[in-house]
Amino acid sequence: MIDDEIKLLHELLLKLGVTLTLAVVLFGVYYFMSRKRAKKVPGYFFATYVVTLSLYILLILNESEVVWFVDLWDVAYLWTKFAAYLGTAFYLLKAADLLLVEDYLVAKKGMHIPELLRLLLVISGLAASALVFLRTVMGINVVALVAIPTAATAVIGFALQDTLKRFFAGLMLGKLIRVGDWVCVAGKEGRVVKVDLGHVTIMTRDDDQVTIPNNVVVQQDILNYSKPTTKHARTTLVEAAYGVPPMQVQAILIEAAKAVPGVLHDPEPEAFIVAFQDSAIQYRLRFWIKDYARMQDIEGQVLAYVWYAFQRHGVEIPYPQRTIHMTKAPDETSIQASKRERILKALRRIEFLSVLGPEELDVVAGEAKIQIYLPGEVVVRQGDVGTEFFFILGGQAEVRRREGETGATVAALNPVQFFGEMALLTGEPRSATIVAQTRLEVLVISKEALARPIMVNPVLAERIGGILAERKAEMSSQQERSAHHGEPAPDMAAQSKTLGSRIKKFFGTTAR
Ligand code: CMP
């Protein structure tokens, strides 16, 4: 009897000893790992450990026949066992989370596993363990109770579609991008400042924050300047004069780049010829940097160092060169003189200007200009106000007159003939429309050109008026010959006087 009791006591102590040893070893391992990671053991973890161990001791005591004062009810015993198992599961899951996920996968392997996912994993593991223990320890099948109807799952899934996409994309991103990396994502270049469940946040060189959804990031090219190493090659183009041998220029470029702080010596900078251009030989200078954040600064420094090195070695950075063929410009004064002579020649042929002396004619020539009209172009239009007179130097024109509803071509004008004198000298509206028939070259004399000679010598107005009256009479007799046969000819002297007064009035001189 006593032997049996001693045997049972031995058994009890052995069980307790093994349990305690196992618990201490497990805790010891965990504690050692935590110390190694310089992280404190969380309070809730320690509490779970103590409670679970106590439950095991309670169970062992309850099973032992020696300890008569511990005798749990069946149901209480089962729940205690369930709780102890669950505590163990939690302990193991949490240890796996910290040691395997946090220390190994995240810290050592560099995988991006969000906190929330880790919590979800522990909770899911715990829930699965609870289901298993409920079934095995308590004999309860709860799977049927917790199953969510398919329709509800579909609705939730659909609603969370985008969030889930970003979430899983975020899991993948951990491998590709890490906080601190310099990247170019979705066309934006910058330093990664945050990678969370939904977005990647980068800070650009201009200190702007760009937030891009994780699923967008994984669907596009990700250029990571920090991977596989932070070493990054840059290329700049430099031009140097043809006169310096390329090998010498290449050596200068390499030396200059090597001298810049931030440019790596391993690998060494490289220089190649790119092209023989119009004005210079173009070189490509390639160098490696480690700090991508300083890329622009280093690149600028390299170019500055190259400039100074070129100066020292007498290497010119040439301006664009062009071969220009110069021709002697024609003498402007001789052109003007021959043009003036041509105009004077034309003016001398104008009947009513014959009253002007050479000096006055020269003044008019100074103001006159030559113009070209193409076939079909209207030079003057009937009814318009006009203050210019035209002398035909070359080509042909047509005189068109409109009376009421009917219009007709009344005359053709050829070189040496003139038109537009009526409106110029009297201020009346144009009496006809003149249209160029061929390429028409005309000498144009403005009211201003004639004003000075007429104002200096108002008698000229009357003499011009006389010549004009003759012409007008000629024109009207032509008309009247066709319209009213036998009527007396107009009084030329009276008409010439009237025209002279009108001319003087129009040019602003007093009538005499
Ligand atoms: P002006 O009236 O200033 O403008 C139209 C010009 O047409 C006119 O001056 C004359 O020089 C010219 N002209 C008008 N009728 C005739 C015609 N029957 N024959 C020739 N030229 C004319």
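We use all heavy atoms of the structure for the numbers below, so side chains are in, but hydrogens, waters and symmetry mates are not. First listed ligand is number 1; within each ligand, the first listed atom is number 1.
Contact annotation: for Ile434 versus ligand 1, heavy atoms closer than 4.0 Å belong to the side chain alone. With a heavy-atom cut-off of 4.0 Å, Ala411 touches ligand 1 through its side chain alone.
Under a 4.0 Å criterion applied to the non-hydrogen atoms of Phe419, ligand 1 contributes the atoms 11 (O). Of all the atoms in ligand 1, the ones that sit under 4.0 Å from a non-hydrogen atom of Ser431 are 1 (P), 2 (O), 4 (O), 5 (C), 8 (C), 9 (O), 14 (C). The contact set between ligand 1 and Ala432, taken as ligand atoms under 4.0 Å from a residue heavy atom, comprises 5 (C), 7 (O), 14 (C).
Smallest separation of non-hydrogen atoms from Gly383 and Pro429: O-CB, 3.6 Å. In plain terms, the two heavy atoms of Ala368 and Ile445 that are nearest each other are CB-CG1, 4.1 Å. Taking every heavy atom of both residues into account, Trp288 and Glu268 meet most closely at CZ3-O, 3.5 Å.
With atom 4 (O) of ligand 1 as the reference point, the heavy atom nearest to it among Arg430, Gln382, Gln417, Arg400 is part of Arg430.
Residue Glu421 places at least one N or O, backbone or side chain, under 3.5 Å from an N or O of ligand 1. Residue Ala423 places at least one N or O, backbone or side chain, under 3.5 Å from an N or O of ligand 1.
Put simply, the side chain of Arg234 never gets that close to the backbone of Leu285: no donor and acceptor are under 3.5 Å apart.
Between Tyr292 and His232, the ring planes are perpendicular. Angles over 60° get that label, and only those under 30° would be called parallel. The aromatic rings of Phe419 and Phe390 lie parallel to each other, with less than 30° between the two planes, well short of the 60° mark.
A salt bridge does not link Arg178 with Asp181: every distance from a Lys NZ or Arg NE/NH1/NH2 to an Asp or Glu carboxylate oxygen is 4.0 Å or more.
Contact between Gly386 and ligand 1 is absent, with no heavy atom of the residue lying under 4.0 Å from the ligand.
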